[in-house]
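Input: a single structure, listed below in structure tokens.
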Amino acid sequence: MDDCCQQTPLFTFGVIADIQYADIDDGFNYSKTRKRYYRSSLELLRNARESWSESAVKPQFILQLGDIIDGFNKEHNASQQALDSVLRELSSSPVEVHHVWGNHEFYNFSRSVLLRSKLNSTLHVDRSFTGAQAGGEIYAYHFSPFPGFRFVVLDAYDVSLLGREESSEQYATALKLIKLYNSNEDLNCPPVRWSLEQRFTKFNGGFSKDQLDWLDSVLSSADEKGEKVTIVSHLPVHPDSTDPICLAWNHDELLDIIRSHFSVVCFMAGHDHDGGYTRDKQTGVHHLTLEGVIETPPCSNAFGTVSVYEDRMVLKGKGRITDRVFLFP
Ligand SMILES: Nc1ncnc2c1ncn2[C@@H]1O[C@H](COP(=O)(O)OP(=O)(O)O)[C@@H](O)[C@H]1O
């Protein structure tokens with residue numbers, strides 16, 4: 001690392017993904033290739049929170065990249081209890097948390113319940129979001145924690161079979177789309193094994209035209225102001241930053257928007273518990289997929305602290321999170 005990292009950062013923030021806490025014994029992912037540590041994930045969250053609390057430069061905020069509790073809580077009637085446990089852990093330090101929504105949020109709660117819950121950060125963080133939200137039932141908003149820097153939280157399940165009433169127009173639209181690619185009876189089962197079309201599963205989703213238009217206008221305004229924008233979403237959008245089975249349905253449309261605005265410097269996601277990273281060749285935008293807490297052994301960790309400077313962001317990872325430098329394009 002060069003001299004930059006000896007300087008005091010403008011601000012720092014924490015990142016953590018796929019905690020998927022449940023008070024149940026360890027298990028495995030669907031294909032039985034990765035162990036899942038459901039109880040230990042709360043301890044790993046505690047490690048992250050303690051490390052952030054004790055750090056010399058306190059993070060200004062935390063980005064929780066989605067899937068904070070596991071879908072298994074629903075069948076144990078323990079959704080609210082599990083959510084209370086992780087939120088209690090997070091709230092034992094005063095730093096504000098920006099929650100992203102993933103598929104496991106929708107296994108536990110409906111969209112309307114989530115919109116009224118503590119996982120709707122627009123209701124609970126200590127700043128005004130007037131005019132900053134996408135509107136309607138879309139959980140997307142932006143905030144500026146420091147002059148010249150903006151963060152956009154996206155709703156990757158805006159078009160989805162999850163969280164929508166089966167009788168709703170949105171459900172019908174999502175069903176029509178997924179069925180164009182996936183003819184399996186079980187829509188969680190991917191339609192193909194190797195191509196990008198694997199992503200058309202029920203555990204993924206996409207961004208509506210309303211949300212894409214909103215993002216486009218937020219980024220146009222950021223371009224004009226000369227801001228540096230980091231976008232966060234549960235689902236990754238760059239095929240080289242993840243296993244393609246984890247990509248957002250219309251990842252290509254989202255990428256096109258990012259590529260048409262020079263303000264974007266970084267895109268952060270969760271969902272793929274093995275993590276990933278690429279730098280987009282066309283724009284130099286960094287695409288980080290953060291390794292998931294749930295598949296991290298109790299002896300390790302999975303969180304990071306990002307220090308932001310004028311010309312770069314520096315990720316200091318703990319446990320299996322790799323240190324990285326994101327030079328601004
Ligand atoms: N290949 C697959 N075929 C059928 N169902 C699957 C497949 N992969 C995952 N699922 C199911 O999809 C849901 C979400 O999978 P899960 O592994 O819990 O997601 P995540 O990776 O977000 O934790 C679960 O109900 C799981 O059983």
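All ligand and atom numbering here is 1-based and tracks the order in the structure. All heavy atoms count here, side chains included; hydrogens, waters and symmetry mates do not. Residues: numbered from 1 along the sequence shown.
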**Item:** Pairs touching residues 161-177 that satisfy salt bridge (charged side-chain N to carboxylate O under 4.0 Å, His left out), sequence neighbours left out
**Value:** Glu137-Arg164, Asp158-Arg164
What part of [X], side chain from CB on, backbone N/CA/C/O, both or neither, has a heavy atom under 4.0 Å from ligand 1?
X: Arg36; result: side chain
X: Pro190; result: side chain
X: Ile294; result: neither
X: Asn188; result: both
X: Thr201; result: neither

**Any Asn29 heavy atom less than 4.0 Å to ligand 1** = no
**Shared hydrophobic cluster for Leu63 and Ile294 (ILVMFWY, side-chain gaps under 4.5 Å)** = no
**Request:** Would you check the N or O atoms of Tyr107, main chain and side chain alike, for any that come under 3.5 Å of an N or O of ligand 1?
**Result:** no
**Request:** Please say whether His234 places an N or O atom under 3.5 Å from an N or O atom belonging to ligand 1.
**Result:** no
**Asked** Would Leu45 and Asn47 satisfy side-chain contact (heavy atoms from CB on, under 4.5 Å), going step by step from the backbone distance to the final call?
**Response** CA-CA 5 Å; Leu45 172 62; Asn47 294 346; over 6 Å; no
**Prompt:** Hey, which atoms in ligand 1 end up nearer than 4.0 Å to a heavy atom of Asn103?
**Reply:** 19 (O), 20 (P), 22 (O)
**Request:** May I ask you to identify the nearest protein heavy atom to atom 26 (C) of ligand 1, giving residue, atom name and distance to one decimal place in Å?
**Result:** Tyr30 CD1, 4.0 Å
**Asked** Should one rank Gln198, His273, Glu295, His104 by closest heavy-atom distance to atom 18 (O) of ligand 1, which comes out on top?
**Response** His104
**Asked** Does one side chain, of Tyr139 or Ser121, offer a donor that lies under 3.5 Å from an acceptor on the other?
**Response** yes
